[in-house]
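Below is one structure, written out as structure tokens; the observations come after it.
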Amino acid sequence: MTSPTNASRHSRAPARLQQAEAPAPRTATPLASLAGARSISCVIPCFNEAANLRHLLPLLEDILWATHMRWEIIVVDDGSTDDTAAVAEAWCELSGFRCISLSRNFGKEAALTAGLAAATGDAVVLLDGDLQHSPQLIHTMVAQWVAGAEVVYAVREERSDESRFKQIGSRLFYSLVNSSDRFAVPKDAGDFRLMDRKVVDALMSLPERSRFMKGLYAWVGFRAVALPYTPAPRAEGRSTFNARRLVRLAIDGLTAFTTWPLRMVSVVGLLLALPAFGYGAFVAIDHLLFGNAVSGWTTIVVSLMFFIGIQMISTGIVGEYIARIYEEVKGRPLYVVREERGTGIETGKP
């Protein structure tokens, strides 16, 4: 794809889609001149977002032309069952649009990784395909990046639209995952962000397969700037990210970046063992000195049930970490690409 400062922009929509003619390119500004020598990639992971893509792609194209940078839009179809791939592939008739179709639904973390691996821009923007991440914020992100920021991440200003249970769960999760003093995962920050090429390369150098992207963004570091925003309502459809997936993601994050659950098992064991030994010594001394009979059945049954429950919970915690080890040592790829279409920024390769 060529730079908008050197060639005319797309004058029509893809043949298989209905789209209004795009506005003419704007006159370059000093900021645009500085950014014009650079390139930007936008990665959009999608699962059943066909209706939203019809609104997002023309809007995002206009915004990227206005940056006066060379650009590409990469749609990662994460095994959608609707016509998400067909919509994205129709736009691939135009230069700068790419569609990567995965062989099945591998999850958002894998789809993000696939998009990052394919992106070639000097900066990479990640945003959802449901229009809750406002594309207009890309201008502010680019301005911060040109000014020297290496990561510009969007942070939710408030969570009034979420249930009380989700708000409490979110606060608890961030307090637990940030219990380590090595680095902190920004609270209320999601995948909507701009990252410099060096940040993307650092992320792609990490070999782990159980990827919790929010933690990886924080782990690699670099100069980061927070950008407050309020998510818009979904334009079309309903989110498939239910409570079960949310809990699973939280467990992945905790086991990937903290070891306190394992230490908690040891601490709980010690706290239970000391009173048990103390109570055993008391019963023995009481029987020897005063001849009191040792009450048996109820105490034994309740104690066994309690300690067996603790042991099962402890085994489950250890098992979660062993499961992560098992996934890593198998060495399976994080995702499988079924098909790629479209051209990128400079290579011209499909």
Side-chain angles (χ1 to χ4, degrees), residues 40-57 59-61 63-64 71-92 96-121 123-135 137-138 141 151 153-154 189-195 199-200 203-204 206 208-217 231-232 234-242 245-246 248-249 252-253 333-342 344:
I40 185 170
S41 301
C42 286
V43 174
I44 311 172
C46 292
F47 179 70
N48 294 341
E49 297 287 3
N52 289 317
L53 281 181
R54 292 186 176 96
H55 300 289
L56 175 61
L57 292 180
L59 176 61
L60 187 57
E61 182 192 21
I63 289 171
L64 291 178
W71 55 264
E72 66 180 354
I73 298 174
I74 302 174
V75 177
V76 183
D77 174 31
D78 189 21
S80 299
T81 56
D82 65 355
D83 57 343
T84 294
V87 173
E89 288 171 3
W91 280 89
C92 290
F97 288 88
R98 300 180 63 187
C99 177
I100 301 174
S101 297
L102 304 186
S103 61
R104 63 170 177 84
N105 180 245
F106 286 88
K108 187 178 181 181
E109 311 298 289
L112 286 170
T113 304
L116 290 173
T120 60
V124 179
V125 174
L126 304 179
L127 72 162
D128 290 347
D130 55 11
L131 288 169
Q132 289 193 288
H133 295 164
S134 175
L137 289 178
I138 292 178
M141 290 180 170
V151 178
Y153 61 93
D191 296 309
F192 187 24
R193 61 187 58 223
L194 178 148
M195 296 179 291
V199 182
V200 175
L203 285 171
M204 297 310 300
L206 303 177
E208 60 197 82
R209 288 166 175 78
S210 297
R211 300 177 78 85
F212 177 66
M213 296 302 294
K214 294 180 182 64
L216 296 179
Y217 302 143
R234 283 182 62 90
E236 302 284 348
R238 298 177 60 183
S239 174
T240 58
F241 200 71
N242 53 31
R245 290 190 176 186
L246 187 63
R248 181 177 177 180
L249 182 64
D252 287 342
L334 187 61
Y335 56 88
V336 177
V337 176
R338 178 177 59 83
E339 185 180 19
E340 291 189 50
R341 291 195 179 185

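Bear in mind that the values here come from a model prediction, so they are computed numbers and not experimental data.
- A heavy-atom distance below 4.5 Å is found between the side chains of T113 and M213.
- By the 4.5 Å heavy-atom criterion applied to side chains, V75 and F97 are not counted as neighbours.
- Comment: D83 engages R54 in a salt bridge, judged by a side-chain N to carboxylate O separation of less than 4.0 angstrom.
- L137 places none of its side-chain heavy atoms less than 4.5 Å from the side chain of L127.
- Shortest non-hydrogen contact noted between A85 and S101 is CB-OG, 4.0 Å.
- Among residues two or more places apart in sequence or in another chain, the salt bridge (charged side-chain N to carboxylate O under 4.0 Å, His left out) test is passed with D82 by none.
- With a 4.5 Å cut-off on side-chain heavy atoms, E49 and I44 do not count as touching.
- Between the OG1 atom in T120 and the CD1 atom in I40 there is a gap of 11.5 Å [rounded to 0.5 Å].
- Residue L194 holds its CG atom at 8.5 Å from SG of C42, rounded to the nearest 0.5 Å.
- Using modelled atom types, no side-chain atom of R211 and backbone atom of L216 make a donor-acceptor pair closer than 3.5 Å.
- Partners of A119 by side-chain contact (heavy atoms from CB on, under 4.5 Å), not counting sequence neighbours, listed by chain and number: S41, V43, E72, I74, V124, R197.
- With K108 as reference, D191 is the one residue of D191, D78, D130 to meet the salt bridge (Lys or Arg N to Asp or Glu O under 4.0 Å) rule.
- Not a single donor-acceptor pair under 3.5 Å links the side chain of N48 to the backbone N or O of S80.
- With values rounded to the nearest 0.5 angstrom, W91 atom CH2 is found 9.5 Å from L60 atom CG.
- At least one side-chain heavy atom of L116 sits less than 4.5 Å from a side-chain heavy atom of L126.
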Report task. Apply side-chain contact (heavy atoms from CB on, under 4.5 Å) to the pair Y217 and V151, showing each step before the final yes or no. Result -> CA-CA 9 Å; Y217 302 143; V151 178; over 6 Å; no
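- With values rounded to the nearest 0.5 angstrom, E89 atom CD is found 10.5 Å from T84 atom OG1.
- Looking only at side-chain heavy atoms (C-beta outward), L102 and V337 come within less than 4.5 Å of each other.
- Residues L56 and P135 approach most closely at CD1-CG, 3.6 Å, considering heavy atoms.
- Every ring-ring contact (aromatic ring centres under 6.0 Å, His included) that F192 has, sequence neighbours left out, goes to H133, Y229.
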